[in-house]
Amino acid sequence: RRHPLVDSAVISEIKKCINEGLEFHGELLNFRKDGTPLVNKLCLTPIYGDDDLVTHIIGIQTFTEAKLDLGPLPGPPSKKPCRLTFNRLSENASLCQPSSSRPSCSPYERCGLLWLSDEVLLLSILSCLAPRDVVSFGMVCRRLYKLIKNEDLWKVVCQNAWGRETISQLETVPGERRQDWRYLARELTTLDDAVWRKLTVGGAVEPSRCNFGACAVGSKVVLFGGEGADMQPMNDTFVLDMSVAHPEWQRVNVNSPPPGRWGHTLSCLNGSWLVVFGGCGRDGLLNDVFVVDLDDQHPRWREVASAARPVPRSWHSSCTLDGSKLVVSGGCADSGMLLSDTFLLDFAVEKPIWREIRATWKPPSRLGHSLSSYGDNKILMFGGLAKSGPLRLRSSDVYIIDLSEAEPEWSYVTGSILPGGATPGGTVPPPRLDHVAVTLPGGRVLVFGGSIAGLHSPSQMFMLDPTEETPTWRLLNVRGQHPKSAWGHSTCVVGGVRALVLGGQTGEEWVLNELHELSLTDNASN
C-alpha cells in the first residue's frame with residue numbers, strides 16, 4: 001500500500017520514463033523498515049544495445065531524512081491474529097501449531113504480506129521460492145528470519161529447486177553424514193566450501209586397465225570392463241562401497257557377464273540396475289545392451305533384446321532420464337566415421353525398443369563429448385572431437401534438447417565452431433574431449449579435465465547454468481588436491497554431494513589407483 005503523501009505524479013513519471021526509455025531525475029517520499037520517512041533522490045538512465053533497444057537501466061539513489069510528522073500509518077483495524085509456531089515435524093505431523101497470542105506488531109508489520117499467517121507464508125509463499133530468495137525473504141524482519149529456520153520448509157524448497165530424484169540421492173547418505181536441508185541449500189547453491197581431496201582406498205582393481213566404465217549405485221561406485229594390456233577387452237565387475245569407514249575395491253562375481261569391451265558406457269537405472277551399452281570388443285564394435293540388478297541375491301547379467309538398434313559404436317556418450325530411460329549420442333563407428341545421432345531406450349516398458357530422436361537439425365558428428373541431464377527431460381551436450389568440414393577439431397560448443405517436447409529440437413547455446421550461436425559469456429573453457437562433466441542439483445554443469453587444445457591447465461573447473469536466460473560460463477577456484485593433469489577420467493556422483501574421479505592418463509602411464517573426490521559440501525566425506 002502507498003502512503004497518501006507519496007506523490008502519485010512522480011510514480012507515473014517514473015513509469016513513463018522506463019516505458020519510453022527516457023532519463024528520470026526526481027525525488028520521492030520513501031520509508032525505512034521502522035516507518036521513518038526518507039526523501040529518496042533518484043536518477044534512472046537507460047542503456048541501449050546495438051539494435052537501439054533498452055537492455056539495462058542504471059539506477060542511482062541517495063537518501064536524506066524527511067522532517068515530516070506523518071502521524072500513525074494507515075492500516076487495518078487492530079486485532080489479535082492467531083500466531084503459528086513451527087517445529088521440526090514427523091512425516092504425518094501437521095506443519096503448524098497455533099498458539100494463544102501474538103506480540104504486538106510494529107507499524108510496518110501491519111501492512112500487506114506480514115498480516116498473513118505463518119502457515120500461509122510457509123505453505124503458499126516461502127515453499128515456492130528458490131533457495132536464494134528464501135534467504136533474502138528472511139532478512140526482512142525477525143519473524144520471517146525465524147520462519148525460514150524450519151527444516152521441513154527447506155526440504156520442500158530443495159525438492160522444488162532440484163527435483164525428487166536428487167532429493168532421493170541426498171537421503172541415501174548415512175545418518176551420521178547427512179546434513180540439514182538448510183545447510184545443503186546454502187552449500188550446493190554457493191559452492192563456497194567445495195574442496196578436492198585425494199583418497200586412499202583398500203583393495204585393488206587387477207589386472208590394471210584403462211577406458212573402463214564407472215557409475216554410482218547409491219553409495220557404491222561400480223567399475224566394469226576396460227582395456228587391459230595389449231588392448232585386451234575385459235568383462236569383470238568391481239565395487240567400492242563409500243558408505244563404510246575404510247572403503248576398498250572388491251571384485252563381484254556376476255553370472256553370465258557380457259563380452260569384454262572398452263570405450264563403452266555404464267549407467268545406473270531404477271536405483272540398482274547397471275546398464276552397459278556398446279564399446280569395442282574382441283571382434284570389433286558393439287551395439288548390445290546388458291542389464292544386471294545389484295540388489296538381487298545372485299546378480300546375473302542379461303541381454304536386452306531390442307529392435308532398431310543404433311549402429312555399433314565406441315567413444316559415445318550417454319545419460320539417464322527419470323531413472324528409467326537411457327539416452328545415447330554420437331561416438332565412432334566402423335572405419336572411424338563420427339556419428340551425430342541420438343537414441344533413447346525406455347526400460348519402463350515391458351519390451352524396451354530403441355527410438356531415434358529425429359530432429360530437423362543435429363549438432364555436428366563427434367566423439368569424446370559429454371551428455372548431462374537436468375530439469376524435466378532436458379539434455380546438455382558439451383565438447384568432444386567434432387567434425388568441422390573436412391577437419392576434426394576439439395570443441396567447446398554447448399547444445400540443449402528438451403525431450404519432453406512433442407517434436408524435440410537441438411538448440412545451439414554457445415560455443416566456438418558454428419555461426420549463429422551466442423557469444424560465449426564469462427570465462428569459456430578451452431575446447432576439449434574426454435573430459436569430465438558433473439551435473440549439480442538445479443541443473444548446473446561442472447566441466448574439468450580432458451584432452452585440451454593449446455597450453456591450458458586441465459585442472460581448471462568451469463560451471464555453466466543452462467537454466468539462465470543467457471547461460472554464462474564461470475571459472476571456479478576449488479581448493480584442495482585436484483586430479484593430476486590428465487585425460488580419460490571416469491567420474492560418478494555419490495550421494496548427490498560427492499563426485500569421485502577415477503583413472504586418467506598423464507601421457508606416459510595410466511593412473512587407475514589414484515582416486516580423487518570433489519566434495520561439494522565441506523563435511524561431505526567427514
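Residues: numbered from 1 along the sequence shown. Quantities reported herein were computed from a predicted structural model and do not represent experimental measurements.
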Does the E151 side chain pair with the main chain of W181, one donor and one acceptor, at a distance under 3.5 Å? yes

All pairs passing ring-ring contact (aromatic ring centres under 6.0 Å, His included) where residues 269-298 contributes a residue, at least two apart: F277-H316, F277-W354

Quick one: list whatever passes ring pair (Phe, Tyr, Trp, His ring centres under 6.0 Å) with W410, sequence neighbours left out. none

Heavy-atom donor-acceptor pair, R479 side chain to N477 backbone, under 3.5 Å: no

ring-ring contact (aromatic ring centres under 6.0 Å, His included) partners of residues 369-398, not counting sequence neighbours, each pair once: F382-H435, F382-W473

Just jot down the side-chain contact (heavy atoms from CB on, under 4.5 Å) partners of E468, sequence neighbours excluded, or say none. D465, T472, R474

Other residues, nucleotides, ligands: >12 heavy atoms within 6.0 Å of L475 CG: yes

Enumerate donor-acceptor pairs with a distance under 3.5 Å from any side-chain N or O in residues 156-163 to protein atoms, sequence neighbours excluded.
from: N160; atom 1: ND2; to: S127; atom 2: O; distance (Å): 2.7
from: N160; atom 1: ND2; to: V156; atom 2: O; distance (Å): 3.4

Stepwise salt bridge (charged side-chain N to carboxylate O under 4.0 Å, His left out) check, R313 with D341: CA-CA 11 Å; R313 67 191 67 202; D341 51 5; 2.8 Å; yes

Show me the side-chain donor-acceptor pairs of residues 221-233 shorter than 3.5 Å, one per line, residues at least two apart or across chains.
from: E227; atom 1: OE1; to: N211; atom 2: ND2; distance (Å): 2.6

NZ/NE/NH1/NH2 to OD/OE distance under 4.0 Å, D322 and K325: yes

Salt bridge or not between D180 and K155? Use side-chain N to carboxylate O under 4.0 Å. no

